[in-house]
Amino acid sequence: MAGKLDNANPVIFEQSKERQVLPEEEDDDVTDKIDDREVFDMIRNINDPEHPLTLEELNVVENARVKVDDENNYVGIEFTPTIPHCSMATLIGLSIRVKLLRSLPPRFKVDVSITPGTHASEVAVNKQLADKERVAAALENSHLIEVVNQCLATRK
Amino acid sequence: MSAPMWKSEVEKYIKLLENSAVEVLSNGLQGKSVSLLELVESIGEHLTSEDHEIRGRVIKLLSEVLGKLPITVLSPMEVKTMVTYLCERLQDHHSIQPQALKGILTLVTGNGSNLPEGCADMICRSIFKEVQVQTLSQTDRCAVYNIYSTLLSHKLPELQKMGNDFVFGFIQSMDTEKDPRNLLLAFHCARTIILNFSLGPFVEEMFEVTSCYFPIDFTPPPNDEFRITREDLISGLRGCLSASPEFGPLCVPLLLDKMQSDVQSAILDSLLTLAESAVVYGSKCIKEFQAPLYRCIKQEIFSPRTPELASAAETALTAMSAALSPQPGLSTEDSDVDVFIKEVMQDSKRHFLDEDLRLFVPSCRLLLALALGSDHACCAVVGQTVPLLEDLYNKFTGATQRKQIIEMLVKFLCSCKTFAGGKAPKVVSEMISSSLKILMSSTSQSNGTLTSAAVQGLGQVLTLPGVLTSEDMKTSCWCILEQVLNSEDKLVRSSCVEPCKEMMKVYPEISTEILPKLIEKINPEEGEAILPFVAIFSVHKSVISKTTEQLLSKLQQESQAMSESALQTCLWITSCLVDISVYARGNSDCVSVLSLETVPAVYRICASNAVSDNYSDVLSSPQVLQTLSVFIKNVTTLLDSGTYARLYTLVTKLYCEDSNSDTTQQKSFRPLQVDSPSVQTCLVTLLTPTLCSSPKQFTMPDIQKYRELLTDLSLRSSHDYTRSEAAKCLAGILNKAPDDEEMAVYLQQRRDFYVHTLTSTSTDTSCLQQCVWVTKALVMRGHKEANKFVNILLGLLDSEFLGDRAAEGVGVVLTVYEDVLNPSMHANIRMLYKQRFFTENSSRLTEGFQNASAGTKKNYLIALSHCLQSLPKSVLVRELPQLFPLLVQSLLCDNVQLQQSTMDALCTMITDAPDFLVKHVDSVIPQLLKLTTYKPAMRVRTSALRCLLELVSLPAPVILPYKPQVVRSLEGVLDDKKRLVRLEAVKARNEWCLLGEPGGKK
């Protein structure tokens, strides 16, 4: 990891509470749709590459910036780097992508992008994250996938 | 006469022929048939032998004989001779030293403080002179340390006379020691020496010889039989480093160096060592290194790597503050700690002005840590920060910031709690009124989280001893109560619970004022939120009687109301009674009111409802009755036998005597008669908690009557609920009934009846239910007839009609129930009865399974799984391998309960018996994958996914081959229609994806 941290003293945000289980969710006959919160729960515990904190605690991902349309098979996620020059933005985007690749049914089309106006090289990063071939190539890189996996590992 | 015999034994021993000599000699010495002198003389010729092996054998014999002797056999003179003799032997060939050391150790430990004067000196000097400890084996070095350690604890003054010689000798002995077992001993000795000897010129050497192990880096080998942990060694070493002020100038630079390392364990160890030693090293030393130490500590608190490190840094800072604080009695003007606090204050102040307050909390943590160092430091810090924080509060208007500020403010105020009786509480009490104003004004703001923080803060301030004036106390309490009464925010109300409990401790008088207001608010809208507070405030002798009375009349009123919410409101009220009974534990005034007034009133109300013409369904509903039963149970289990007997008489009169004293009633109350209406018979639920909670020494006068009535009622009542409740109550009294002639007759008659009635074609479920509960009562107490009843029960597993119920019955027998037959109700429970049940019946169940017809096979599996569920983990892990084939069978069964409990057992095995499971993954994984799509029940799908998640913990080479298969088939489950299933699927699939990947699990 880089010797000097990009942002040594980040502001820490409160974690949201565990989702309450509703009675209809325990009913075998009801179909529960995949919704914003469910997808948010998949990504909120991803570890930040720099800090022993989750993306949620750093407010990089927020429930309000997760859009899910179950019927039309679409998931759109915007994430907000902690500072405009964050060098980890691509890595964070990649981690979110990989996590969803492993967690969502394949029928979904997933868009991951930076919240407009929150990063210096927003366009470039978004382009990289949207390019399927570049993502696939990145995942072939064993060093890169190692770092991604560390972000995705559950903290014990 | 005997002389030649023992002499020949000695010869034999030396020629390696037999070991019996030790026995013979020690007996001889004890019986005085052999004298020590004779013994030494007789072995004299061998001692001068030229062969060192023979000399070694002789010393070994001597050591072993000494080990066998009780201490009193040898006179002090003889002890001294032996010691001298053995010490001389240390000069001999190196192979003889270990034997001699063992002999010395035996003498030293055996004699303890009775060791003759001069011996300790002699032993130590000989060892220092003759023995090169480093060349000895581990066990022999251990003997040397044990000798030191024993002498240090028993003969300290004598060793102290040796002065520097001893210190230097010891340092030489422990130099380069590597074995953890020996190090523990050596650290212990070193600490004693440092504390009790003047180290003189050897301060540095002593420090070097111990500090070279810092920081401890040790991982115990797997299956370590000695069970020495890293923590043992750390605390041993820390004891040495923190033992002398003279170590300060040497140790602090070392700690500083390690605090700047990258190894987290080293930083942690350094911080904690500093925390323990700062006060010992003293203010001069700490002051010298104050600046660099503070830098390191600040770093850990400002960008914490782990919470553990941050809190260690805080403890270290607290210790520094304590070390720098002026000694009590000395001048406190501008002491070292004041200078330090001033510096930290200045450093922190600038963070207080930051707009987003991002370093506000860490700065406060620094100051708080300083405050906890001493009474003086606490006064200084609190005096300076509290006004600052109050200003800050007024400067910021955002709720999140204000919440942070008041949380810290409260922490500063509460820091004086550590110094009760000192000056700090006085300082706080002088300045508290403005802080209270802030807290109180925060409660009236619209933001819920801010209000809860303020309420909790007020609650904590209430606990400060002697800080609040009674006026302040009152206003703060009412400020909290205002929220209890009027807040609409659930979060705010729930955060009032703890403050209210505190309030009852410091200001119980308030309950008389608040209760009427609370009780007024018991309505369908707010009852649920208000009643928990009623329970908290009721538990005081001045109010409990009146409040419970009001609650009961409210209960009566509500139960008569025809509204839909009546049941809900009644349940809230009864739960409130349960809460009261829980809080009343330990308060004898309240318990006696509950038992003498409230419980009888509950019976009265329910009974009069049951005989009334327009009785309330609500009051006779199982839910309300069961909650009331919990309330009664909570009270009856607290009673002494005298009070219990009064209650018992009252209840028996009500339930068993036809003519009730209340003559105004037209119908009679006969709840235990089969032909009574169900609204009466269901009240057997309330009989159980009284009847079955009798104290151990109480003998029930009417047991026979109850036994007959309940037997009949549980068999023949037309009301399902009544039957099952009566069976429970019957079991409760049978479990405690004296084992006399009557009982034997009763059991014989029951058994005959069951054998006769419960045939393989029977469908009599009430009879089976009674049989199950009677069996439970007997099995639990370990009654000699129990097995016969168990046999009847297990025989039914093969029945087409009753088989599944019998299988569930096995579950009933082995489950602990809250309402009857549990330890708190003084039930008669034999130790380990569940395990006994399992060992006695498991083979019968497995055989039964083999021979059963296809339709009833699953009953055996269900019964078995009930047995397994009730076993403790350690036993389960031992038994499971034999039953594994059956478990796999159970997974294939179409029974949700069974599949689920089987998977639970499987999960236990994965974590606790992985080695066994490794052999069977090939059959388990495909079956589990199949169950992840089991349509009928989501519970089965989630359990299967949980098992799959657990499987990841097995060794990678075993499960890696299944990765593609698992990852592929779980992809489909990600789209399951139930969210809870998808959640588990996501967890499991992600873990499997990480398996064997770089950065994932190895």
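Within every chain, numbering begins at 1; the chains are lettered A, B, ... in the order of the sequence lines, protein sequences first and strands thereafter. Only heavy atoms go into these numbers, but all of them, side chains included; no hydrogens, no water, no symmetry mates.
Each of B:M938, B:K978, B:R989 has some count of heavy-atom pairs under 4.5 Å with chain A, and the biggest count is that of B:K978. No other option in A:D27, A:V98, A:D29 has as many heavy-atom pairs under 4.5 Å with chain B as A:D27.
Both the backbone and the side chain of A:I34 come within contact range of chain B, each with at least one heavy atom under 4.5 Å from a heavy atom of that chain. With a 4.5 Å cut-off on non-hydrogen atoms, A:E24 touches chain B through its backbone but not through its side chain. Contact of A:K99 with chain B is made through backbone and side chain together, with heavy-atom distances under 4.5 Å. Residue contact with chain A, scored on non-hydrogen atoms closer than 4.5 Å, involves the backbone of B:P936 exclusively. Proximity to chain B (any heavy atom under 4.5 Å) is shown, for A:L100, by neither the backbone nor the side chain. Residue A:E38 touches chain B through its side chain alone, counting heavy-atom pairs closer than 4.5 Å.
A:L104 is not listed as a side-chain neighbour of B:L974, based on a closest heavy-atom distance of 4.5 Å or more. Contact annotation: the side chain of A:R102 approaches that of B:L994 to within less than 4.5 Å [non-hydrogen atoms, C-beta and beyond]. Looking at heavy atoms from C-beta onward, A:P105 lies out of side-chain contact with B:E971 at the 4.5 angstrom threshold.
With B:R979 as the partner, the salt bridge (charged side-chain N to carboxylate O under 4.0 Å, His left out) test is satisfied by one option alone out of A:D35, A:D41, A:D70: A:D35.
The structure places CG of B:L980 at 6.5 Å from CD of A:E26, a figure rounded to the nearest 0.5 Å. Rounding to the nearest 0.5 Å gives a distance of 6.0 Å between NZ of A:K17 and CG of B:L491. The line from CG of B:L983 to OG of A:S103 is 10.5 Å long, rounded to the nearest 0.5 Å.
B:K977 places a side-chain N or O within donor-acceptor distance of the main-chain N or O of A:D28, the cut-off being under 3.5 Å. Within the 3.5 Å criterion, the main-chain N or O of A:D32 finds a donor-acceptor partner in the side chain of B:R982.
Heavy-atom contacts from other residues, nucleotides or ligands closer than 6.0 Å to CD of B:Q401 number more than 12. In this structure, B:K395 places its NZ atom where more than 12 heavy-atom neighbours from other residues, nucleotides or ligands lie under 6.0 Å away. When the shell of 6.0 Å around NZ of B:K298 is examined, it contains more than 12 heavy atoms from other residues, nucleotides or ligands.
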